[in-house]
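These notes concern the structure reproduced below.
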There are 2 protein chains.
Amino acid sequence: MELSELNRVWSQIYFYLRYDYNEDITHRGVRILQQVKNGEYVTIKEISEKLQISHNTASEHVSRLIKKGYIQKERDNKDRRKTVLSLTPKGSEVLVKHTCLDESKLDKIFSLLSKEEQNMIMSSLKLLEQKGRDIHENRIG
Amino acid sequence: MELSELNRVWSQIYFYLRYDYNEDITHRGVRILQQVKNGEYVTIKEISEKLQISHNTASEHVSRLIKKGYIQKERDNKDRRKTVLSLTPKGSEVLVKHTCLDESKLDKIFSLLSKEEQNMIMSSLKLLEQKGRDIHENRIG
DNA sequence: GTTTATATATCGTATTATACGATGTATGTC
DNA sequence: GACATACATCGTATAATACGATATATAAAC
């Protein structure tokens, strides 16, 4: 199995199918939205550690994202010092545009595929996701 | 077919499996390396149009990437005004780190999959790539 | 051959993105 | 109360990004 071939294909897919979308969010902002989306309990400290930046920087980035309406925050009832972050619907939408494949393009592609092909693609991706999650959560080596 | 589900899976795969790599290239730099990799004949003007920036900005970004050893340039023999850009091996490597999945992670995953599963994943991705290329090159509506 | 157009390089200038130390407030633990 | 933790705010600084002006080189049109 030639993994570099798989990688070539992966990055080509993204190159061809990503949204042609004009940035109105910073690079750092996207990374933060990703972290907020993928954590269960995300605080400023979490963000600063994950992105390896100071807490002040993290706080300010988050503050700007809140102003843009992409993130909301609330104080944790169990520890009022802590701020818990979550994505707004608007934030979710912006994140999709910057990390996902253009669904109108996907729609065109899928309309040309057999049911069997569609299912194959879906199964493959889900298998990769599942194994990927295991790696991410250190359940595998 | 629920495309948003496919997209959720896609972005999760990337989130779990991408390289944990420290940036020593700018966001714009990565975009330019991508363009250089994916074009057959890439000039400063091409870059400026694709990224929708002025030619001077494009020229300067490219100049910096050349200094870092990621891109090389040569004059087109048929039109000496034109500079043709290509990736260096070093540039290719940096691009992989910023756009691909971590191959050591993939290796772990694939070592756990049957030959059949591996082939299914590979076939699926190649099918998506092929159709994606068609879309990109306007062969499909 | 001259004029005009094209392609890129360089420089000066400016804005935005990103970062952190210092400081302050609020809350939690001992 | 003393100390620790979490985050917010402000001042400061650097890096990234952008473009207009200008210049040089080359190609096309007349």
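Letters A, B, ... mirror the listed sequences (proteins, then strands); counts begin at 1.
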Could you give the [atom1]-to-[atom2] distance, from [X] to [N], as a whole number of Å?
X	N	atom1	atom2	result
B:R75	C:dA7	CZ	P	12 Å
A:K78	C:dT29	NZ	P	13 Å
B:R31	D:dA18	CZ	C1'	15 Å
B:E74	C:dT8	CD	P	13 Å
B:I53	D:dA16	CD1	P	15 Å
B:I25	D:dT17	CD1	C1'	14 Å
A:L51	C:dC20	CG	P	11 Å
A:E60	D:dA6	CD	P	19 Å

What is the ring orientation for B:W10 with A:Y14, classed by angle as parallel under 30°, tilted 30 to 60°, or perpendicular over 60°?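 Rings of B:W10 and A:Y14: parallel, as their planes differ by under 30°.
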For B:Y41 and B:D76, which I'm curious about, is there any donor-acceptor pair between the side chains at under 3.5 Å?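 Their side chains do contain a donor-acceptor pair, which is all the 3.5 Å distance test asks for.
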Just call it for B:S54: base, sugar-phosphate, or nothing, with non-hydrogen atoms closer than 4.0 Å on any strand. base
Counting any heavy atom closer than 4.0 Å, what does B:D79 reach on the DNA or RNA strands: base, sugar-phosphate only, or nothing?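 B:D79: backbone/sugar contact only, no base atoms under 4.0 Å.
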Does a side-chain N or O of [X] approach OP1 or OP2 of [N] to a distance below 4.0 Å, or not?
X	N	answer
B:R81	D:dA28	no
B:R80	C:dT8	no
B:T83	C:dA7	no
A:S63	D:dA8	no
B:T57	D:dC19	yes
A:K82	C:dG28	no
A:S59	D:dC7	no

Do A:H55 and the base of D:dC7 stack face to face, with centres under 5.5 Å apart and an angle between planes under 30°? yes
Neighbours of DNA chain C within residues 37-47 of chain B, by heavy-atom distance under 4.0 Å: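 Correct list: B:T43, B:I44, B:K45.
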So which atom in B:D102 and which in B:S104 form the shortest heavy-atom distance, rounded to 0.1 Å? OD1-OG, 2.8 Å
Side-chain contact, heavy-atom cut-off 4.5 Å: A:M122 with A:F110? no
Should we say atom NZ of B:K50 is surrounded by more than 12 heavy atoms from elsewhere, each under 6.0 Å from it? no
Return yes when atom CD of A:E116 has more than 12 non-hydrogen atoms of other residues, nucleotides or ligands closer than 6.0 Å, and no otherwise.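 Open.
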Which residues share a salt bridge (charged side-chain N to carboxylate O under 4.0 Å, His left out) with B:E129, sequence neighbours left out: A:R8, B:R133
Nearest-0.5 Å distance, CD1 of residue A:I71 to NZ of residue A:K68: 11.5 Å
